[in-house]
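Have a look at the structure below before the remarks.
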Amino acid sequence: MDTQSQVVDRLRAVFRSGVTLPEQFRKTQLNKLMSMIRENEQQILDALHKDLAKPKFEAVLSELDIVFNEVYYAIANLKTWMQQEYVGKNMATRLDDCFVRREPLGVVLIIGAWNYPVQLLLIPLVGAIAAGNCVIIKPSEISGATANLMAELIPKYLSQDCYTVVQGGAEETKALLQNRFDHIFYTGSQRVARCILQAASVHLTPVTLELGGKCPCFIYGRVNITAAARRLAWSKFFNSGQSCVAPDYVLCSPATRDALLPALRQIMKDFYSTEPQNCPDLARIVTPQHWTHVMELLGRSNGKVVMGGEGNQEDKYIAPTVVVDVAEDDALMQEEIFGPILPILTVESLEEGIDFINRKEKPLALYVFSDESSVVNTVLNKTSSGGFCSNDGILHMTLPSLPFGGVGASGWGSYHGRWGFETFSHRRGCMLRGWALERLNGLRYPPYNENKLSWLRWSASPKSSCSLM
Ligand code: NAD
């Protein structure tokens, strides 16, 4: 078996051969990826069920169809994305061909996380293939059944010369990172992101970081409370709260909280019955260790549990839980919860809520629920976050036409649709010149004088391009 560095060297040699460059090659691989998903739907659903007890409904939406739609979108748009982009010129360059070429970076590494173990590997892979790269794919060892299945299926469908799955945990990943890559695309925690950055700095490798954090849901002003409770509960408890874009906590006025609680209580019954542990529509926490971590976080909270609170370690089950009277310095507010626990904090005014959000790290997603567009626009204008969605949760990340990624501590860079293609491409600025206009060009050669300088300054200025039109 090849060592890791042999694998990287082999892929680099293949990349240099130019095999991944033609549009047709990229399209063929993307079509094969599409077949891989369609022909192995049941096996993928089974693996996801083994890892996280993902309900089929949630898995189809968030792991299969979302990837399928991305592949389809990439195939449909690849020709346009690959086209040279001609740019504006000035007098000095009027006869030149000036354009931006999107070129593949080379051999790129994609490191996935366990909470959406198919989507988080394959959507970046779509961008990397579309852009013409060779790829090493490292699934999360924590979602082991899905990682094994990806390692079995990918070589069956995609070119083994160009795309390789490497399995392993922290130690294997650290060893892999000693190799030089042309780009590293990492999804996971902020803690590990620091290790990735350190390793990347040795080779000055550019990095995309898709991280997490605490995504607020600010409910303010007039609002349809039943619809708000439904959308909030769905986006929070989807995948048992293990979504990087799950609403982590709610900010609202005391009056809104008092209206929200009975609505949430009813909706939890409607969604998950009176015995949520027996409900097949609720996923499980990924491992007993992660279960313990989330339950300990709840145990350390000084808030009041008003719904749920129970858990069963053997079953890796945690009931959908709502906690009120949560202070800003509560244990639940110190880190991303990543489980089905929803703290509700109260603020007295719109400004107080905005200040609260702005005191924290910039979140991956920010949600505002309100019937009043002035409220939505004020929060949008006065805050920053990776993505933004009003009156719903999670859904903004399902559109391939929107960039998906964080800002500040929630991540660097973005992907999905064209944005993934751009992430894995180098934008090469090209100027193809001939020998014409040598008299004009002669102005830049010594002996220098003031007259030549003023002509040159004019011919290189944007004004000269306007006067050409
Ligand atoms: P994880 O434990 O699966 O780790 C992610 C990857 O890092 C794995 O492939 C793992 O093998 C590797 N890894 C672990 N330790 C390492 C080390 N020391 N050095 C190098 N590699 C190492 O996942 P996680 O970190 O628990 O993921 C959960 C976090 O990811 C949450 O914060 C969540 O919000 C975030 N997340 C973000 C997105 C996004 O798109 N922005 C998506 C999903 C999850």
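Atoms within a ligand are numbered from 1 in the order they appear, just like the ligands themselves. Everything numeric here is computed off the predicted structure, so don't read it as measured data.
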Inset, instruction - Could you tell me whether the side chain of Pro104 reaches within less than 4.5 Å of the side chain of Phe424, counting heavy atoms only? - result: no
Validation: residues 233-243 side-chain donor-acceptor distances under 3.5 Å, sequence neighbours left out:
| from | atom 1 | to | atom 2 | distance (Å) |
| --- | --- | --- | --- | --- |
| Ser235 | OG | Arg231 | O | 2.7 |
| Ser235 | OG | Leu232 | O | 3.4 |
| Lys236 | NZ | Pro247 | O | 3.1 |
| Lys236 | NZ | Asp248 | O | 3.2 |
| Lys236 | NZ | Ile341 | O | 2.9 |
| Asn239 | ND2 | Asn115 | O | 3.0 |
| Asn239 | ND2 | Gln242 | O | 3.1 |
| Ser240 | OG | Ala283 | O | 3.0 |
| Gln242 | OE1 | Val286 | N | 3.2 |
| Gln242 | NE2 | Asn239 | O | 3.1 |
| Gln242 | NE2 | Arg284 | O | 3.0 |
| Ser243 | OG | Tyr116 | OH | 2.5 |

Inset, instruction - Have a look at Cys195, Ser410, Gly188 and point out the one with the heavy atom closest to atom 35 (C) of ligand 1. - result: Gly188
Inset, instruction - Please say which of Tyr186, Phe421, Phe185 ends up in a ring pair (Phe, Tyr, Trp, His ring centres under 6.0 Å) with Tyr415. - result: Phe185
Legend entry - Test of proximity, His290 against ligand 1: N or O pairs below 3.5 Å: no
Legend entry - For Ile111, atoms of ligand 1 separated by under 4.0 Å from a heavy atom: 6 (C), 7 (O), 9 (O)
Legend entry - Arg191-ligand 1 polar pair, N/O distance under 3.5 Å: no
Inset, instruction - Mark up the atoms of ligand 1 that fall under 4.0 Å of a heavy atom belonging to Asn115, in ascending order. - result: 43 (C), 44 (C)
Legend entry - ligand 1 to Trp114 polar contact by distance, N or O atoms, under 3.5 Å: yes
Legend entry - Per-atom contacts, ligand 1 versus Lys138 - under 4.0 Å to a heavy atom: 8 (C), 9 (O), 10 (C), 11 (O)
Inset, instruction - Under 4.0 Å from a heavy atom of Phe404: give me the atoms of ligand 1 that qualify, with their elements. - result: 40 (O)
Inset, instruction - Look at atom 3 (O) of ligand 1 and say which protein heavy atom is nearest, naming residue and atom and giving the distance to 0.1 Å. - result: Ser140 OG, 2.7 Å
Inset, instruction - Take every heavy atom of Tyr116, measure it against each atom of ligand 1, and state whether any distance is under 4.0 Å. - result: no
Inset, instruction - Assign the ring pair Phe404 / His396 to parallel, tilted or perpendicular, where the plane angle (0 to 90°) is split at 30° and 60°. - result: tilted
Inset, instruction - Please write down residue, atom name and distance for the protein heavy atom closest to atom 41 (N) of ligand 1. - result: Leu211 O, 2.7 Å
Legend entry - For atom 16 (C) of ligand 1, the protein heavy atom that lies nearest, with its residue and separation: Val192 CG1, 3.4 Å
Legend entry - Option whose closest heavy atom lies nearest to atom 20 (C) of ligand 1, chosen from Leu120, Thr173, Ile123: Thr173
Legend entry - With Leu364, the side-chain contact (heavy atoms from CB on, under 4.5 Å) member among Val407, Leu211, Val245: Val245
Show the atom names and distances, to 0.1 Å, of all donor-acceptor pairs under 3.5 Å that link a side chain in residues 64-74 to residues at least two apart or in another chain.
| from | atom 1 | to | atom 2 | distance (Å) |
| --- | --- | --- | --- | --- |
| Asn69 | ND2 | Asp65 | O | 3.2 |
| Glu70 | OE1 | Gly417 | N | 2.8 |

Inset, instruction - Return yes if a side-chain donor-acceptor contact under 3.5 Å exists between Asp46 and Gln42, otherwise no. - result: yes
Inset, instruction - From atom 39 (C) of ligand 1, work out which of Gly213, Cys244, Ser243 has a heavy atom at the shortest distance. - result: Cys244
Legend entry - Distance from atom 25 (O) of ligand 1 to nearest protein heavy atom, with residue and atom: Ser189 N, 2.9 Å
Legend entry - Exercise: do Ser301 and Asp330 side chains pair donor with acceptor under 3.5 Å: yes
Inset, instruction - Note the single closest protein heavy atom to atom 2 (O) of ligand 1, along with its residue, its atom name and the distance in Å. - result: Ile142 CD1, 3.5 Å
Legend entry - For atom 4 (O) of ligand 1, the protein heavy atom that lies nearest, with its residue and separation: Tyr186 OH, 4.1 Å
Legend entry - Atom NZ of Lys360: over 12 foreign heavy atoms under 6.0 Å: yes
Legend entry - Proximal candidate to atom 9 (O) of ligand 1 [heavy atom criterion; set Gly112, Ser143, Ala365]: Gly112
Inset, instruction - Enumerate the atoms of ligand 1 whose separation from the nearest heavy atom of Phe338 is less than 4.0 angstrom. - result: 28 (C), 31 (C), 33 (C), 34 (O)
Inset, instruction - Ignoring hydrogens and angles, tell me if any N or O in the side chain of His416 forms a donor-acceptor pair with the backbone of Gly127 under 3.5 Å. - result: no
Inset, instruction - Taking atom types as modelled, find out whether Glu39 and Tyr157 have a side-chain donor-acceptor pair closer than 3.5 angstrom. - result: yes
Inset, instruction - Identify, by atom number and element, the atoms of ligand 1 in contact range of Ala113, meaning under 4.0 Å from any of its heavy atoms. - result: 3 (O), 23 (O), 27 (O)
Legend entry - Per-atom contacts of ligand 1 with Glu141, taking only distances under 4.0 Å to non-hydrogen atoms: 10 (C), 11 (O)
Inset, instruction - Output yes when the distance from some N or O of ligand 1 to some N or O of Thr187 is under 3.5 Å, and no in every other case. - result: no
Inset, instruction - Would you check whether Glu336 has a nitrogen or oxygen atom less than 3.5 angstrom from a nitrogen or oxygen atom of ligand 1? - result: yes
Legend entry - Lys174 neighbourhood, listing ligand 1 atoms whose heavy-atom distance to it stays under 4.0 Å: 18 (N), 19 (N)
Inset, instruction - Scan side-chain atoms only and decide if Glu361 and Ser410 contain a donor-acceptor pair under the 3.5 Å cut-off. - result: no
Legend entry - Gln4, CD: over 12 other non-hydrogen atoms inside 6.0 angstrom: yes
Inset, instruction - Report the residue from Asp9, Asp161, Val107 that forms a side-chain contact (heavy atoms from CB on, under 4.5 Å) with Val14. - result: Asp161
